[in-house]
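One structure is given below, encoded as structure tokens.
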Amino acid sequence: MLEIQQLRTDLDTVTRQLAKRGYAFPTEAFNALEAERKTIQTQTQELQAQRNAASKKIGNAKSKGEDVSAIMAEVAHLGDALKQAETQLEQIQNSLQKILLEVPNLPHDSVPEGKNEEHNQQIRRWGEPRQFDFAIKDHVSIGEGLGLLDFETAAKLSGARFSLMKGGLARLHRALAQFMLDTHTQEHGYMEAYVPYLVNRESLRGTGQLPKFEEDLFAVNAGGAENSTANNSPAFHLIPTAEVPITNMVRDEIVPLQSLPLKYVAHTPCFRSEAGSYGRDTRGLIRQHQFDKVELVHIVHPDQSYAALEQLVGHAEKILQKLVLPYRVMALCTGDMGFSAAKTYDIEVWLPAQNTYREISSCSNCEAFQARRMQARFRNENGKPALLHTLNGSGLAVGRTLVAVLENYQNADGSVSIPEVLRPYMNSLDQLGRTGGE
RNA sequence: GGAGAGAUGGCCGAGUGGUCGAAGGCGCUCCCCUGCUAAGGGAGUAUAGGCACAAAAAGCUUAUCGAGGGUUCGAAUCCCUCUCUCUCCGCCA
């Protein structure tokens with residue numbers, strides 16, 4: 001959410017910034033509502049002030065035992081006018097709020113301007129794609145060839161965009177998550193968190209998924225209940241990312257200055273409806289309704305958030321370096337960034353079978369955008385509450401990392417070597433072969 | 001699932017219809033005093049808005065005592081609904 005004061009005082013800059021992302025701010029509607037708001041609010045508050053003053057007089061007079069009927073008569077007519085004004089004001093405020101909640105964050109000045117992913121900027125590259133001297137397979141063929149990856153059964157159990165892993169592959173998946181968690185907690189100073197996978201609407205509004213992106217989420221009700229709440233909304237939503245529960249830990253909190261920065265890491269499944277992505281990445285593990293991710297979140301002092309973003313990306317990159325997987329870091333352009341982000345780096349890992357780099361992590365500084373929605377604050381140097389900055393990034397998407405390992409570490413005989421750093425998590429196994437690795 | 005108790009500022013806690021944005025304490029900030037330390041004295045100390053202003057300060061004003069609704073000229077206080085916490089019983093991975 002943007003600051004409403006900024007919209008009132010500097011709407012031109014805001015609309016120009018938003019236009020860079022391809023977002024057309026509804027200027028006329030906003031200005032009209034604002035003008036109305038101003039009138040009605042002043043009027044409402046005047047009426048309230050009158051009522052309060054009269055009520056005070058009545059109280060005073062009564063305590064002295066004086067007659068109050070004269071003052072009572074004075075106030076009698078206020079009731080209806082006041083109620084009407086209050087109702088009207090509330091409607092206007094709601095409309096304004098609705099507009100505000102759907103406006104994306106302003107891009108940071110350093111963000112390259114552009115329409116779509118073609119205008120993203122490469123920041124750096126690490127590692128060299130391996131040269132294969134045999135015909136390579138994609139991760140689906142590799143996994144199915146080993147008898148450890150089974151989309152057909154997954155489809156029977158649940159449907160499209162679900163997967164079933166078995167044996168050494170399931171273990172490799174688990175090993176990746178463990179390895180990531182251990183690296184971040186032991187080497188990068190993160191506090192590990194175990195968080196709810198079902199969250200309420202307030203949390204989703206806090207991080208920006210609601211109200212605009214409801215169709216991307218899965219909703220759940222308690223057993224047997226069609227709708228668990230009176231206003232027709234589901235009891236819970238499944239988290240689309242651990243960013244939601246972790247970041248919302250500080251919702252409605254005032255964090256002491258000395259406890260900043262907060263750095264959390266959590267390994268969770270993520271659930272996404274993938275509405276609007278029909279036909280994209282239908283093959284394999286790349287785009288699933290359910291996937292695991294190790295998520296990194298920083299809650300920081302506003303002065304520190306851009307330094308924190310660089311750190312965060314570095315922490316995610318470290319995982320790929322340890323796994324010796326080639327990647328590149330991209331600065332997303334204005335048109336390709338997510339709703340809440342002021343600046344985003346994507347990390348893209350090399351996938352030999354696709355002969356290209358594919359997103360495996362997205363690291364964003366949301367500045368105060370989420371904090372303002374959440375009322376997440378800290379007590380600043382002057383002892384005053386001020387909004388925090390929030391950042392999040394994948395460190396990394398586990399399923400996609402598994403894809404990268406399978407494809408980059410495949411051997412001519414269909415087996416897959418286990419990256420060095422994962423072997424301690426694999427009972428010292430050094431490759432997945434036809435035996436299933438167990 | 002059943003029965004009961006509760007939710008007040010950074011924290012503890014008083015407050016059952018009027019001068020309560022809220023006593024008192026703790027904490028914190030500033031000042032004074034004492035040779036140091038300890039103790040003591042004084043002052044201050046919620047948040048988000050609106051108006052006005054070039055802007056800041058000051059000012060005027062509104063809202064907020066778990067959330068939402070209601071009663072009333074007036075609600076922390078009375079009524080209703082919900083959420084959460086705690087205790088006891090039952091069930092349960």
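For clarity, every value in this text was computed on a predicted model and none was experimentally measured. Note on naming: letters A, B, ... go to the chains in the order of the sequence lines (proteins, then strands), and numbering restarts at 1 for each one.
Only the C1' atoms considered, B/C65 is 14 Å distant from B/A23, to the nearest whole Å. A distance of about 25 Å separates the C1' atoms of B/C79 and B/C86, rounded to the whole Å. Separation of the P atoms belonging to B/C92 and B/G27 is 50 Å when rounded to the nearest angstrom. Between the P atoms of B/U47 and B/A57, the separation comes to 14 Å (whole Å). Nucleotides B/G18 and B/G13 have their C1' atoms positioned 24 Å apart, rounded to a whole Å. Taking atom C1' on both B/C53 and B/A58, the two are 12 Å apart, rounded to the nearest angstrom. Comparing the same atom, C1', in B/C31 and in B/C84 gives a spacing of 44 Å after rounding to whole Å. B/C26 sits 27 Å from B/U19 when the P atoms are compared, rounded to a whole Å.
Put simply, CD on A/Q375 is 16 Å from C1' on B/A67, counting in whole angstrom units. Rounded to whole angstrom, the span from the CZ atom of A/F378 across to the P atom of B/A46 amounts to 19 Å. One can place CG of A/L387 at 11 Å from C1' of B/A48, the figure rounded to the nearest angstrom. Summarising the geometry, the separation between CD1 on A/I254 and P on B/C11 is reported as 8 Å, rounded to the nearest angstrom. Put simply, CD1 on A/I92 is 19 Å from P on B/G49, counting in whole angstrom units. Straight-line distance from the CG atom of A/D67 to the P atom of B/C73: 16 Å, rounded to whole Å.
Pairing partner, B/A38: none, since no Watson-Crick or wobble contact has both distances short of 3.5 Å. In a base pair of the Watson-Crick type (N1 to N3 plus N6-O4 or O6-N4) or a G-U wobble (N1-O2 and O6-N3), with each distance short of 3.5 Å, B/G68 is matched with B/C80. Nucleotide B/C11 forms a Watson-Crick or G-U wobble pair with B/G25, both donor-acceptor distances falling under 3.5 Å. Pair assignment for B/C33: none, as no Watson-Crick or G-U wobble contacts are both less than 3.5 Å. Nucleotide B/A52 has no partner under the Watson-Crick or G-U criteria, as no pair reaches both atom distances under 3.5 Å. Across all strands shown, B/C73 forms a Watson-Crick or G-U wobble pair with B/G18, both key distances being under 3.5 Å. The partner of B/U87 is B/A3, by the rule that a Watson-Crick or G-U pair needs both atom distances under 3.5 Å. Pair assignment for B/U47 gives B/A63, based on Watson-Crick or G-U wobble hydrogen-bonding distances that are each under 3.5 Å.
Closest approach of A/A54 and A/V75 over heavy atoms only: CB-CG2, 3.0 Å. Closest approach of A/H139 to A/I286, counting heavy atoms only: CE1-CG1, 4.4 Å.
Between A/T183 and A/K318, the side chains place no donor N or O within less than 3.5 Å of an acceptor N or O (distance only, hydrogens not considered).
Judged by atom type and distance alone, A/K62 reaches the base of B/G18 through a side-chain donor-acceptor pair under 3.5 Å. Evaluation of atom-type donor-acceptor distances gives no pair under 3.5 Å for the side chain of A/Q48 against the base of B/G74.
Using a 4.0 Å heavy-atom criterion, one finds that A/K38 contacts the sugar-phosphate atoms exclusively. Using a 4.0 Å heavy-atom cutoff across all strands shown, A/R377 reaches sugar-phosphate atoms only and no base atom. Using a 4.0 Å heavy-atom distance criterion, A/A54 is classed as making no nucleic acid contact. Contact annotation for A/E253: no contact, since no heavy-atom pair falls under 4.0 Å across all strands. Contact annotation for A/P385: backbone-only contact, meaning every heavy-atom pair under 4.0 Å involves sugar-phosphate atoms and none involves a base.
A salt bridge links A/D138 and A/R283; the closest N-O separation between the charged side-chain nitrogens and carboxylate oxygens is under 4.0 Å. At a threshold of 4.0 Å, the pair A/E202-A/R373 does not count as salt-bridged, since none of the basic side-chain nitrogens sits closer than that to a carboxylate oxygen. Between A/E274 and A/R272, no side-chain nitrogen of the basic residue sits less than 4.0 Å from a carboxylate oxygen of the acidic one, so the salt-bridge criterion is not met.
Between A/I4 and A/G59, the residue anchored closer to the 5' end of RNA chain B is A/G59, taking for each the nucleotide with the nearest heavy atom. Between A/L82 and A/A53, the residue anchored nearer the 5' end of RNA chain B, judged by the nucleotide with its closest heavy atom, is A/A53.
With B/U19, B/G74, B/G69 as the candidates, the nucleotide lying closest to the side chain of A/N60 is B/U19. Distance from the side chain of A/K384 is smallest to B/U47 among B/U47, B/G18, B/A63. The side chain of A/V75 lies closest to B/C73 when the candidates are B/C73, B/G49, B/U61. Each of B/U71, B/C51, B/G74 was ranked by its minimum atom distance to the side chain of A/K83; first place goes to B/U71.
Using a 4.5 Å heavy-atom cutoff, the side chains of A/L262 and A/V297 are not in contact.
An OP1 or OP2 oxygen of B/A63 is reached within less than 4.0 angstrom by a side-chain nitrogen or oxygen of A/N52. Between A/R37 and B/U62 there is no side-chain polar atom (N or O) within less than 4.0 angstrom of OP1 or OP2.
Checked by atom type and distance alone, the side chain of A/H108 pairs as donor or acceptor with a backbone atom of A/S110 at under 3.5 Å.
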